[in-house]
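Take a look at the structure set out below.
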Amino acid sequence: MADHKRIFAGNYCTDSDSSTSIDTAIASVKGTALQFFKNGDSQSTVDPKSCCTWVCWKQECYISTTAVGFRKNDLEVLIDSLRENDLLHYSHLLTGYIGSPSFLQKVASVVKELKSNNPKLRYVCDPVMGDDGKMYVPESLLPIYKETILPLADVITPNQYELELLSGRSITKVDDAWSAIESFHEKGCRTVIVSSSTLGGDNELIALASTKKDGKTTRAKISIPKLDAHFVGSGDLFAALMMAWLYKTDDDIQHSLENTIHSLQAVLTRTLSHALVMSKGDRPTPEQMELQLIQSKSDIESPSPSVRSTIVE
Ligand SMILES: Nc1ncnc2c1ncn2[C@@H]1O[C@H](COP(=O)(O)OP(=O)(O)OP(=O)(O)O)[C@@H](O)[C@H]1O
Ligand SMILES: Cc1ncc(CO)c(CO)c1O
């Protein structure tokens, strides 16, 4: 199995539902892996060496459906074992929810080690800290994200609130967002994607993307029709799909945004319709709102976007 297709995708999660980034990143890039994760089948469709140990851990977690917290010591043991087996060579690293400062510091040292093994490694960081003005991780994570993680990240995918936290600025207009994004470029982060914001009209969410190459910045913006529901795992799915499409399109932010948003819309619309049928008109339970990823396999693998992004001069 060629080294360049290796992905290291990690999402510190507390239950099986919140690990969509792993399923989706692998599924997007490897095609066949989606079924493998969801049906908990044998390892026949996936060469474990081509994915990563966390994926195997995730599979166990999914089968047992036990609440699992992946802690700093677990990460150390995992990294030590991968190092001993000469398996610390990856093309991409994706991190999501991280709940403790010591874990985040350890992630920073892992990023450095992976980058020293492969200077071309792409680190995609979803700085999951909160939403709608509320933090749901300890505040002590913020300075670590700002000072240590941001300069290491090649791609960062904050939502509007996380953009405010990381930049220390209030974001009330699209122009505020662009200047906060520019400040991240200045810190060394090449590509910044704002996964969702309320900087548009009442019925839409706005996502923004900016990438800097050879001193030139390219910016894109897309309007997302807003669904009247709250989804769990949509941010994970967003980060995973952006990572896959940026890789597949050689950093074309416009097409990556369009493809990602198309797949998200398909998954979320299907999820909501399914949940409403299952709940027979009552408020759907979290189980009924589980993202319909398997059912959306073709929308993930072969998106045909109808919503277009615009390049912002
Ligand atoms: N209510 C919704 N209506 C339409 N699309 C949605 C909705 N909620 C989420 N999405 C889609 O999910 C994507 C990710 O947005 P979301 O706000 O869930 O992520 P996030 O806040 O960045 O996540 P995280 O908590 O991981 O940081 C958006 O770009 C959008 O495409
Ligand atoms: C535990 C936990 N809490 C919150 C979030 C953000 O939606 C995530 C993203 O998956 C998560 O895993």
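Note that ligands are numbered from 1 as they come in the structure, with each ligand's atoms numbered from 1 the same way.
- Remark: ligand 2 atoms within the under-4.0 Å shell around heavy atoms of D236 are 9 (C), 10 (O).
- Ligand 1 places these atoms under 4.0 Å from at least one heavy atom of I261: 29 (O), 31 (O).
- Atom CG of residue N117 and atom CG of residue D86 lie 8.0 Å apart, to the nearest 0.5 angstrom.
- Note on E113 versus R83: salt bridge recorded, some NZ/NE/NH1/NH2 to OD/OE distance being below 4.0 Å.
- Nearest to atom 21 (O) of ligand 1 by heavy atom, out of N159, L241, L264, is N159.
- At distances below 3.5 Å, at least one donor-acceptor pair connects side-chain atoms of S197 with backbone N or O atoms of I206.
- Remark: side-chain polar atoms of E290 are not paired, donor with acceptor, to backbone N or O of E287 under 3.5 angstrom.
- Protein heavy atom in closest approach to atom 11 (C) of ligand 1: L268 CD1, 3.5 Å.
- Scanning all heavy atoms of the two residues, the minimum distance from P305 to H262 falls at CA-ND1, 3.6 Å.
- Here the shortest heavy-atom distance to atom 19 (O) of ligand 1, taken over S197, P225, G235, belongs to G235.
- When non-hydrogen atoms are compared, ligand 1 lies under 4.0 Å from the side chain of E162 (C-beta onward) but not from its backbone.
- Under a 4.0 angstrom heavy-atom cut-off, V232 registers as lying outside contact with ligand 2.
- Between G130 and ligand 1, not a single N/O pair is under 3.5 Å apart.
- With rounding to the nearest 0.5 Å, the separation of CG in L293 from CG in D299 is 11.0 Å.
- Looking at L227 against ligand 1, both its backbone and its side chain come within 4.0 Å, counting heavy atoms.
- Of all protein heavy atoms, the one lying nearest to atom 8 (N) of ligand 1 is F231 CD1, 3.9 Å.
- Remark: ligand 1 and S234 share an N or O pair separated by less than 3.5 Å (distance only, no angle test).
- Looking at T157 next to ligand 1, no N or O pair under 3.5 Å apart turns up.
- Interface of S195 with ligand 1, defined as ligand atoms under 4.0 Å from a residue heavy atom, comprises 19 (O), 20 (P), 22 (O), 28 (C), 29 (O).
- Distances between N or O atoms of A229 and those of ligand 1 include at least one value under 3.5 Å.
- Between D74 and K106, none of the side-chain N atoms (NZ, or NE/NH1/NH2) sits under 4.0 Å from a carboxylate O, so this pair counts as no salt bridge.
- Checked options D154, D251, T211; the residue passing with T191 is T211 (criterion: side chain to side chain donor-acceptor pair (under 3.5 Å)).
- Proximity of D126 to ligand 1, defined as any heavy-atom pair under 4.0 Å, is confined to the side chain (atoms from C-beta onward).
- The backbone N or O of L276 sits nowhere less than 3.5 Å from a side-chain atom of Q288 that would complete a donor-acceptor pair.
- Close contacts between ligand 1 and V128 involve ligand atoms 26 (O) [criterion: under 4.0 Å to a heavy atom].
- Protein heavy atom in closest approach to atom 7 (C) of ligand 1: L205 CD1, 3.8 Å.
- Any N or O atom pair closer than 3.5 Å counts here, and Y97 shares no such pair with ligand 2.
- Counting protein heavy atoms only, atom 30 (C) of ligand 1 is closest to I224 CD1, 4.0 Å.
- Using a 4.0 Å cut-off between charged nitrogen and carboxylate oxygen, E164 and R169 do not count as a salt-bridge pair.
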Show me the donor-acceptor pairs within less than 3.5 Å that the side chains of residues 221-232 make with the rest of the protein, sequence neighbours left out.
residue : atom : partner : partner atom : Å
S223    : OG   : E204    : OE1          : 2.5

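- Residue-to-ligand polar distances keep D236 apart from ligand 1: every N/O pair is separated by 3.5 Å or more.
- Residue contacts with ligand 1 for Y136 involve side-chain atoms from C-beta outward but no N, CA, C or O (heavy atoms, distance under 4.0 Å).
- Judged by distance alone, with hydrogens and angles left aside, the side-chain atoms of Y90 form a donor-acceptor pair with the main-chain N or O of L87 at under 3.5 Å.
- Atoms NZ and CD, from K297 and E301 in turn, are 4.0 Å apart once rounded to the nearest 0.5 Å.
- Taking CD1 of I181 as the reference point, atom SG of C189 lies at 10.0 Å (rounded to 0.5 Å).
- For atom 17 (O) of ligand 1, the closest heavy atom belonging to the protein is S196 OG, 2.8 Å.
- Those atoms of ligand 2 that come under 4.0 Å of a heavy atom in Y136, given as number and element, are 4 (C), 6 (C), 7 (O).
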